Amino acid sequence: MDEETLERLMEQSRAFYELSLNYLSSPVVLYQLGLIVIAVVPAWFLSKLVEKRIEGAVRKIHGMRGLLRIIVAFLRRLHWFFIALFLGITYIVTRIVGWPGSTWLIYCAMVLSAAWLFISAMSRIIRRKSFAKLFAVVAWVYVAASLFGITDDIRLILESATLPVLEISLWQVITALIAVGVLLWVALKLGNILDGRIQTVEDLTPSLRVLLGKITRISLMIFAVLIGMQLLNINLTALTVLSGAIGVGIGFGLQKVVSNFISGIIILLDQSIKPGDTITLGDTFGWIRELRARFVSVITRDGREYLIPNEDFITTQVVNWSFSNKFVRLDVPFGVSYDSDPHEVIRLAKEAASDIGRVDSRFNPPVCWMVEFGDSSINFLLRFWIDDPQRGLTNIRGTVLLALWDTFKEHGIKIPFPHREVIMRTPVTVEHGAPESPEQPRPSRPPDSPEKPE
């Protein structure tokens, strides 16, 4: 901004100050301000009284969240409704009576109150409160500037202020930011809608659905940013230094972020993991709930949700229990006493495992093998398959062990427990002799008595 423009702005500010002071000192303006205060104060107290009564009735509404949300939003802005209503009544009455001579200030207060009521209610569409408040303030300021007829003056001031590096005006920056914000919001909403449609296509694999959804969202966001840059008329050659700085920042500060993002794309392309898979990564065992751009959400059996970076699934060993199919084989070792018939034990073990619901006895029936002659038991290994590892592995092993216990107890098969026997190589004779007579207590000698010679 040059010196001449600055002087012109100072002169315009002084002129505006003098004009405002002369305008507010007019009796007609003071009368209108008094009428506005008379209309606003009772409207404020009336809104508080009505809000308490309506709130009691609203608490009785159940099962209609959409209607309840609209009513609550209206109650939070009820005072603006009454203010706009009372100002409207005041404006109509003053126009009919013809006093005071001008009612323009009352009209402006009424329009601005109604505009704020409408804009603040519309801002509820935006879920983030900071963006919603910013949208409401900017929209209300624009309405106020249009009402006072100073939009052209504000635009000229913003157009005269330019950024020296990019050679663009503040007006272009503000309009581009508003356009990009609106376009990004539309792109996110449209991306969510298209992603929801893609997730319902059953012909696509889960990984391909996630990949297409992410590509759609990113493409729409890039398209919105490019449109904003076109509105700014930015020459991309002027951003060479800025792009170089951004490249250095990505190379150092955002290295992990970019690595996780690229790793997420690789995971989606090679389909090594997908939502619903049961995996083991280090000490974490659970199933994948969602694939994100930076991390993978894994839920364990105890309800914890781990957000594991995508890079860990590329650089470390991952056990995917359901990569090619959902069938998982489990082993349960056990032992029986040497008095048992091994053939009968094998038959009973397979029958006991087949009767459990989670065990796949149709396509992969359980098998049981005798593996060794142990120190105190005949050891066996029972193998069976399940197709729902996400429901847990320890619990199904415990269920199979209980079934083996019940079956063996019913058929008289004993399960040995560790014990020790002492075997003497030579006979041991235990003799019982006559009890010895107890010693007679000797009489104690009185102290300091002389001893008798022997």
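Numbers here simply count residues along the sequence, with the first being 1. In this text the structure is predicted, and so the values were computed from the model without any measurement.
A pairwise comparison of heavy atoms in V359 and I386 identifies CA-CG2, 4.4 Å as the closest pair. In plain terms, the two heavy atoms of N310 and I267 that are nearest each other are O-CD1, 3.7 Å. Here the closest non-hydrogen pair linking I346 and C368 is CG2-O, 3.7 Å. Residues F313 and P309 approach most closely at CD1-O, 3.6 Å, considering heavy atoms. Shortest non-hydrogen contact noted between A109 and I36 is CB-CD1, 3.9 Å. Nearest heavy-atom pair across L381 and D331 is CD1-CB, 3.8 Å.
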- Start with the C-alpha gap between D388 and R391, add the side-chain angles, then the distance that decides, and say whether salt bridge (charged side-chain N to carboxylate O under 4.0 Å, His left out) holds. CA-CA 6 Å; D388 52 354; R391 294 179 59 184; 3.1 Å; yes
Practice item. Go through the steps to decide whether N395 and R358 satisfy the test side chain to side chain donor-acceptor pair (under 3.5 Å), and finish with yes or no. Key: CA-CA 11 Å; N395 52 4; R358 289 183 57 188; 3.2 Å; yes
(Q) Pair R397, L330 - check side chain to side chain contact (heavy atoms under 4.5 Å, CB included), show working. (A) CA-CA 8 Å; R397 286 195 180 99; L330 300 179; 3.5 Å; yes
Under the criterion side chain to side chain contact (heavy atoms under 4.5 Å, CB included), I'd like the reasoning laid out for S113 against L87: C-alpha separation, chi angles, the key distance, then a yes or no. CA-CA 9 Å; S113 301; L87 288 174; 3.7 Å; yes
Applying side chain to side chain contact (heavy atoms under 4.5 Å, CB included) to I356 and I396, what does each step give before you reach the verdict?
CA-CA 9 Å; I356 299 175; I396 186 61; 3.9 Å; yes
* To do: Given side chain to side chain donor-acceptor pair (under 3.5 Å), test E305 with S297 step by step and report yes or no.
  => CA-CA 6 Å; E305 187 168 1; S297 173; 2.3 Å; yes
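Inter-residue side-chain proximity for W405 and I415 is flagged as met; some heavy-atom pair is nearer than 4.5 Å. Annotation: side chain of I279 is not in contact with side chain of W287 (no heavy-atom distance under 4.5 Å). V318 has its side chain out of reach of D312: every pair of non-hydrogen atoms, C-beta onward, lies at least 4.5 Å apart. A 4.5 Å side-chain heavy-atom check between D360 and D387 finds every atom pair outside the cut-off. Proximity of P365 to S354: side-chain heavy atoms (C-beta onward) are nowhere separated by under 4.5 Å. Between L112 and W140, some side-chain heavy-atom pair lies under the 4.5 Å cut-off. Residues L46 and F86 are in side-chain contact: their nearest non-hydrogen atoms beyond the backbone lie under 4.5 Å apart. Using a 4.5 Å heavy-atom threshold, the side chains of V298 and F285 count as separate.
Around the CZ atom of R294, the shell of radius 6.0 Å holds no more than 12 heavy atoms that belong to other residues, nucleotides or ligands.
With rounding to the nearest 0.5 Å, the separation of CG in L117 from CG in L85 is 11.0 Å. Here F334 contributes atom CZ and L401 contributes atom CG; the two are 9.5 Å apart, rounded to the nearest 0.5 Å. Taken from OG1 in T300 to CG in D302, the straight-line distance is 3.5 Å, to the nearest 0.5 Å. To the nearest 0.5 Å, the span separating CD1 on I308 from CG on N260 amounts to 12.0 Å. With rounding to the nearest 0.5 Å, the separation of CD1 in I193 from CG in L190 is 6.0 Å. The line from CG of N320 to CG of L281 is 11.0 Å long, rounded to the nearest 0.5 Å.
In summary, D277 and K274 engage in a salt bridge, as defined by a charged side-chain N under 4.0 Å from a carboxylate O.
Take R197 and apply the salt bridge (Lys or Arg N to Asp or Glu O under 4.0 Å) test, not counting sequence neighbours, and it matches no residue. L188 is linked by a side chain to side chain contact (heavy atoms under 4.5 Å, CB included) to M221, counting only residues two or more places apart in sequence or in another chain.
A donor-acceptor contact shorter than 3.5 Å is absent between the side chain of T407 and the backbone of L404.
Aromatic rings from F295 and Y306 are positioned such that their centres are separated by 6.0 Å or more.
Ring-plane geometry between F327 and W385 is classed as perpendicular, the angle between the planes exceeding 60 degrees on a 0 to 90 degree scale with a lower cut at 30.
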